[in-house]
Amino acid sequence: MTLYEIITKKKHNAELSTEEINWVVAGYTCGEIPDYQMSALLMAVCFNSLSDRETADLTMAMARSGDMLSPETGGFNADKHSTGGVGDKITLIAAPIAAACGIFVPKMSGRGLGHTGGTIDKLEAIPNFRTALPYDEFIGTVKKAGFAVASQTGTLVPADKKIYALRNATATVDSIPLICSSIMSKKLATGADGIVLDVKVGDGAFMKTAADAEKLASAMVRVGQLAGRKCSAVLTDMSKPLGMAVGNSLEVIEAIETLKGNVPEDSALREISLTLAAEMLVTAGKGDSEQCFAMAKKALSSGEALERLRQMIELQGGNSRVIEDYSLFGKARYSREVFASESGYLNGIACEETGLTALRLGAGRQTKESDIDPTAGIVFDKTVGDLVSNGERLAVLYSSAECDIDSIAADFVKVFDIGEEKKCGVKKNIIKIIKGY
Ligand code: URA
């Protein structure tokens, strides 16, 4: 077997055998296969795709390239994964809700990527919070609080680390089987019994159309099923920022406010959080979607989910007094208000540009090595569909970094699409649920 032959096969759109796929993943992970040959194969996959069987084989080979965990919590372990969005603080709400309903959520999360935020960066905005936990302590926290959130260890899915970095540098990221294997290898390696995928759709997401999002979601659910996991995917709207806050400490505060019951009942943030928590419960066999949604709602309104969050913060070394006293997060050094320059309906908020603005303010990384400013971000006063008056405040930008906040604020006005006519209609927060259980 040579990589030359395997590249030629894929170039001619022939199916690779399980043995060939295992050989490629093992050879590339240990450095025997050079980057230039792997890049050629990845490009051939981008053009000719992979069959369901090949995608499942690739995912399993990548998952097995490092530790395969099996969390010993003594109960049902569920996991959720978001494909990445703007203002996406769902894990901080859905995980404690699911935990309050009696299942375990051992969650390994990532940092922000490009214009999208990451749960680890958000949690590190809490004073003293630790995300790098020894595995025993991670499981101990899950057993006590029902959930824990830690950063991924270096021994988990090393194949993805290498392949992802190569894809990033060779324009081979946007391939559905490659995205599917990258995400699902990590989920399978962390050993959850139930996996719920939040597949974001729209301008602020990786998948810009519902058709592409559905293809990716179906591929991931199929792989999860083939690996014997209970798996479902929820397609959710990312055509506008999720909730009213974008940026690390600002999003933790909004998640706490949601768990305190202080956000509107019909908000996208609340509906999507409850739906994802409910889906985790469904994978655990707690009932059907409707029954589980009702359970999730009860855990939220009773305050039990908020208590789970408090417990998790304390067990991971954080100062849980932030729940009552938001000033403990620290205050941004600079702020700028942004005002409407005309009256009318707010028909849209450019979502990817909002994420990029938060990044420029310091909420994300411009380079891999950049530090995060936990105070940086945006709080909106208005949301899509609202009527606004000329001169009314639309948002406040925050930063402690030495960025040019005045020009960032001047540019930010352009993200708001205001018109005399209401054009935005009512967008569904939950576009579709693909069930694989
Ligand atoms: N997130 C991942 O983990 N991998 C991808 O390929 C894309 C998004």
Side-chain angles (χ1 to χ4, degrees), residues 85-96 107 109-112 116-133 141 145 147-151 241-263 267 269-270 273 303 305-338 354-355 357-365 370-381 393 395-403 405 408-409:
V86 177
D88 181 3
K89 68 282 289 172
I90 299 280
T91 293
L92 304 179
I93 306 163
K107 177 101 187 74
S109 283
R111 297 190 179 275
T116 67
T119 305
I120 292 296
D121 293 330
K122 296 179 215 285
L123 283 168
E124 286 180 354
I126 300 171
N128 304 327
F129 191 90
R130 289 181 298 118
T131 55
L133 298 183
T141 303
F147 82 111
V149 186
S151 47
L242 188 48
M244 305 302 273
V246 179
N248 299 294
S249 60
L250 302 172
E251 289 191 43
V252 179
I253 293 169
E254 191 176 24
I256 295 169
E257 283 292 292
T258 307
L259 290 170
K260 285 179 177 172
N262 294 340
V263 309
S267 74
L269 182 58
R270 192 172 179 279
S273 300
L306 181 66
E307 283 318 302
R308 295 303 181 121
L309 180 73
R310 187 192 308 277
Q311 242 183 315
M312 184 278 276
I313 293 174
E314 279 167 12
L315 289 163
Q316 294 196 216
N319 183 352
S320 67
R321 285 190 298 120
V322 291
I323 290 176
E324 276 74 41
D325 182 359
Y326 298 148
S327 73
L328 294 171
F329 282 104
K331 200 168 172 287
R333 247 186 296 161
Y334 311 108
S335 65
R336 291 293 181 278
E337 296 173 304
V338 176
T354 299
T357 302
L359 189 110
R360 285 178 207 123
L361 290 166
R365 288 179 188 79
S370 318
D371 284 332
I372 291 272
D373 169 6
T375 65
I378 302 154
V379 176
F380 291 95
D381 295 291
R393 197 173 80 178
V396 184
L397 309 190
Y398 296 95
S399 181
S400 298
E402 294 307 323
C403 57
I405 195 167
I408 294 174

Note to self: Test: salt bridge (Lys or Arg N to Asp or Glu O under 4.0 Å). Region: residues 252-262. Which pairs qualify, not counting sequence neighbours?
What the structure shows: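 Listed once each, the pairs are Lys89-Glu254.
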
Item checked: Any pair counted as salt bridge (Lys or Arg N to Asp or Glu O under 4.0 Å), so long as it reaches residues 324-334, sequence neighbours left out ->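 Non-adjacent pairs meeting salt bridge (Lys or Arg N to Asp or Glu O under 4.0 Å): Arg310-Glu324, Arg333-Glu402.
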
Hey, are the side chains of [X] and [Y] touching, using non-hydrogen atoms and a 4.5 Å cut-off?
X: Ile323; Y: Leu259; answer: no
X: Val396; Y: Arg336; answer: no
X: Phe147; Y: Arg308; answer: yes
X: Ile405; Y: Tyr398; answer: no

Next item on the list: Evaluate whether atom CG of Asn262 has more than 12 neighbouring non-hydrogen atoms of other residues, nucleotides or ligands under 6.0 angstrom away.
Entry: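 Result for CG/Asn262: enclosed.
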
Rounded distance [0.5 Å steps], [atom1] in [X] versus [atom2] in [Y]:
X: Phe329; Y: Asn319; atom1: CZ; atom2: CG; answer: 9.0 Å
X: Ile93; Y: Thr258; atom1: CD1; atom2: OG1; answer: 4.0 Å
X: Ile408; Y: Leu361; atom1: CD1; atom2: CG; answer: 4.5 Å
X: Thr354; Y: Leu242; atom1: OG1; atom2: CG; answer: 12.0 Å
X: Ile90; Y: Asp88; atom1: CD1; atom2: CG; answer: 5.5 Å
X: Ile253; Y: Ile126; atom1: CD1; atom2: CD1; answer: 10.0 Å

Could you pull out all residues at least two apart from [X] that satisfy side-chain contact (heavy atoms from CB on, under 4.5 Å)?
X: Ala395; value: Ile378, Phe380, Phe412, Phe416
X: Thr119; value: Thr91, Leu92, Ser109, Leu123, Val149
X: Ser267; value: Val263, Pro264, Leu269, Arg270

Where do [X] and [Y] come nearest, in terms of heavy atoms and distance?
X: Gly362; Y: Ala376; value: C-CB, 3.8 Å
X: Ala94; Y: Ser273; value: CB-O, 3.6 Å
X: Pro374; Y: Ser249; value: O-OG, 2.8 Å
X: Pro96; Y: Ala305; value: CB-O, 3.3 Å
X: Arg365; Y: Ile372; value: NH2-CG1, 3.5 Å
X: Ser400; Y: Ala332; value: OG-CA, 3.3 Å

Check: Counting distance only, does the side-chain N/O of Ser151 pair as donor-acceptor with the main-chain N or O of Thr131 below 3.5 Å?
Finding: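 Looks like yes, one N/O pair under 3.5 Å.
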
Check: Glu124 and Asn248: side-chain contact (heavy atoms from CB on, under 4.5 Å), yes or no, with the steps?
Finding: CA-CA 8 Å; Glu124 286 180 354; Asn248 299 294; over 6 Å; no

Notebook entry, point to check: Under the side chain to side chain donor-acceptor pair (under 3.5 Å) test, which residues partner Asp381, sequence neighbours left out?
Noted result: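 Residues passing side chain to side chain donor-acceptor pair (under 3.5 Å) with Asp381: Arg393.
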
